[in-house]
Amino acid sequence: MGLPLWARGFLSRGVGRARGAQRLSRGFGLRRFAFRPPFESFDLHPHTLRGLREALKFPEATEVQGKVLPELLAPEARGSDFVIHARAGTGKTLAFLIPAVEHICRQTPPGIGVLIVASTRELALQITKEAETLCAYHAIQIVPLIGGVRREKDETLIRRRRPQILVGTVAKLTQHFEATLRFETLFEGLSTLVLDECDTLLASNNLELLQTLLSFLPKSASRQTLLLSATIPEEVHHLCASLCRPSYRRLDLVTGVPTQEAVEQLFACTPPLLLATTLRNILDEEIRKEPITHKVIVFFPTARLAAFAAKLFREQLNMRLHELHGRCSESARILAQQEFFEASCGVLFTSMASERGLDYPNVTLVLQVMAPISRQQYIHRVGRTARGGKEGRAFLLLLDREEEPFMPEIADLPVSRAPMGPALLNDEGLHTADALSSARWAKGLPLFAAAAFASLLKHLSSQPGMHPELVVDTASELMLGFGLSEPPVVSRELALELGLEKCENLNLVEQRDEKWRPVSPASPSAVEKRPRETRPPARRKTLFAPGWRVPGGLEEAGVKTDPKSGKAGDGSSETRSRFHILVDEYSRTNVESIFAIGDVTERIALTPVALMEGMAMAKTMFGEGEAQPDYENVPSAVFSQPPCGSCGLTEDADGTGRN
Ligand SMILES: Nc1ncnc2c1ncn2[C@@H]1O[C@H](COP(=O)(O)OP(=O)(O)OP(=O)(O)O)[C@@H](O)[C@H]1O
């Protein structure tokens, strides 16, 4: 049994849950928008109107669309850029798609007319789907470019479809600009650039990559830029303005609170030890009250905790769950997104991957486990319910000690304390605690628990006001509440990184390279140390420079680069301003301990060449004698339709006439 006696007593009190449960389980229904002009009242192309009416089945604009469309469709609007701030779920996607499609209908230069930059793969796919439905009766082609899909596959799709609208993530688009031959020429007629969820694209950790992407786009005084989000704090606004033309317009459509009025928002606090059982009780309550219509999104603070909780609840509590987070494979993410979208009821365990822009119909409850990292995150997550004019509920399940630092951040929002308090914990909590007990864990769960614990330590360490002991105690109690008999071990390296190495309650293992193997499911934290047979040689730094850009800092290291070399290095006659690292035939730079391979050198910019150079370099570096790349056996590819390629001896060299 994972819970101590005092907690069991607390659970078994089972204080009247019905009162709060009634509020928690209020049904949802259609609300009326304040003002919904019919789409016919706008001067739209007949195919667009038909797409709205027949494919999307939206005869009327939402309130936000009713305000944005007249601004963006006005003839003089093309001379301005727009920063649009409107609540989540109010129809911003169509608000930018409709004018973009209308502009393509009026002007059809070859190439891509509209580029939509999305913050996640899932959002890019969702926008693509909505654009395709809107354009069902147009001949307009839309292509998504997202991570997890091979670049060559993207190229084939672009060649075949010749899209007018491209929807992509920043990383994938940048990768194409850096590595796909003449990719930039597709954008010569670009008339509209959309940055959806602009505040996250402009966040400090993403800004550099976004700026790199934008630097590849041709400069054009007539290109319109649209920036949209449900949260645009003032400090982000000046960044938005810096991407716009001076005449830009700001449409601030959030009056009053930034969350939808139709969302009932509650919060409750729990000790870490009781978080898992409380969560289970809330879910049970929701399923019991709405057996065929419950649709619940549960947000966890880390992807690893979401993965662990999903596996635990599925395997130990027999709950049917959908799962979508950063630990899922790309195909699993796409499948989960589609399944939960189509499901009439269900529960989704997720993390950051789902909090922005994603549109699942009829979500009845958004449940946030532990404090969000910011006010914006809270608002976006709550925005996953009550979309398109429906009603919904949001529940924030905090740890006791999170209330004081977090609640002031959302003091202006209509969030009330859940009236049930400890009644969230009912008699069933006892059974939950018992069922979760690691004594009965299925195979594999201990490793998930260890990963979740490490991620919790990281997450909590980044929270304000959390000193090391508190971080360790909180994460440990949480894991005990999830059924462990003792907290998992942690590598000393991680403890050092987080400044937790002196915490007495942390069970450390010395070597970071050790493979952890649970001895038995009954004692998941008792892991056996299995040192690797061979360790990689010590190294101080690995420079990784994808694409053609030479990383900074090389000058300080004394590495010679060639700034004058302007040829593209890909066999074309193109010139580009860029630097190359100068290397000898063994891939050695002028600094003995630094090597370089691939596109950052002035050799042939082809993947097979880089691979071969890498193998030869590894032999030189790791003592198998000096080895030079063998350019005789480089596979070559011809970008043609059908595609063709070759490798090995030429007909002449072979002498047999074979190719
Ligand atoms: N005119 C309309 N009539 C009815 N429903 C609509 C209309 N326009 C959009 N919707 C629906 O409203 C929901 C929310 O729309 P959308 O995803 O565009 O919101 P959003 O403002 O972009 O939200 P977020 O800020 O979360 O990205 C979607 O399910 C969409 O299909």
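Atoms within a ligand are numbered from 1 in the order they appear, just like the ligands themselves.
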Measure the distances from the heavy atoms of [X] to every atom of ligand 1 and state whether one is below 4.0 angstrom.
{"X": "H380", "answer": "no"}
{"X": "A61", "answer": "yes"}
{"X": "G383", "answer": "no"}
{"X": "R384", "answer": "yes"}

- Query: Under 3.5 Å, side chain of K92 to main-chain N/O of R87, donor-acceptor pair present?
  - Reply: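 Yes.
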
- Item | Donor-acceptor under 3.5 Å (T385 side chain, V363 main chain) |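 Checking the backbone N and O of V363 against the side chain of T385, a donor-acceptor pair under 3.5 Å is found.
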
Using a 4.0 Å cutoff against the non-hydrogen atoms of [X], which atoms of ligand 1 qualify?
{"X": "G388", "result": "12 (O), 13 (C)"}
{"X": "R36", "result": "2 (C), 3 (N), 4 (C)"}
{"X": "E197", "result": "27 (O)"}
{"X": "F39", "result": "1 (N)"}
{"X": "A88", "result": "23 (O), 24 (P), 25 (O), 26 (O)"}
{"X": "T62", "result": "1 (N), 2 (C), 7 (C), 8 (N)"}
{"X": "T93", "result": "16 (P), 17 (O), 18 (O), 22 (O)"}

- Task: Check whether any N or O atom of L94, backbone or side chain, sits under 3.5 Å from an N or O atom of ligand 1, and answer yes or no.
- Result: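 Looking only at distances, the answer is no, because the N/O contact criterion of under 3.5 Å is not met.
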
Please work out, at 4.0 Å between heavy atoms, whether the side chain, the backbone, both, or neither of [X] comes within that distance of ligand 1.
{"X": "E60", "answer": "backbone"}
{"X": "R87", "answer": "backbone"}
{"X": "D359", "answer": "side chain"}

- Return yes if a side-chain donor-acceptor contact under 3.5 Å exists between H380 and T231, otherwise no.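 Their side chains do contain a donor-acceptor pair, which is all the 3.5 Å distance test asks for.
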
Ring centres of [X] and [Y] under 6.0 Å apart?
{"X": "F58", "Y": "F39", "result": "no"}
{"X": "F308", "Y": "F448", "result": "no"}
{"X": "H138", "Y": "H45", "result": "yes"}
{"X": "F82", "Y": "Y248", "result": "no"}
{"X": "F177", "Y": "F187", "result": "yes"}

- List the steps, then state whether side-chain contact (heavy atoms from CB on, under 4.5 Å) holds for I165 with I104. CA-CA 9 Å; I165 300 179; I104 292 177; 3.5 Å; yes

- Look at D359 together with R387 and state whether they make a salt bridge at an N to O cut-off of under 4.0 Å.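 Result for this pair is yes, salt bridge flagged.
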
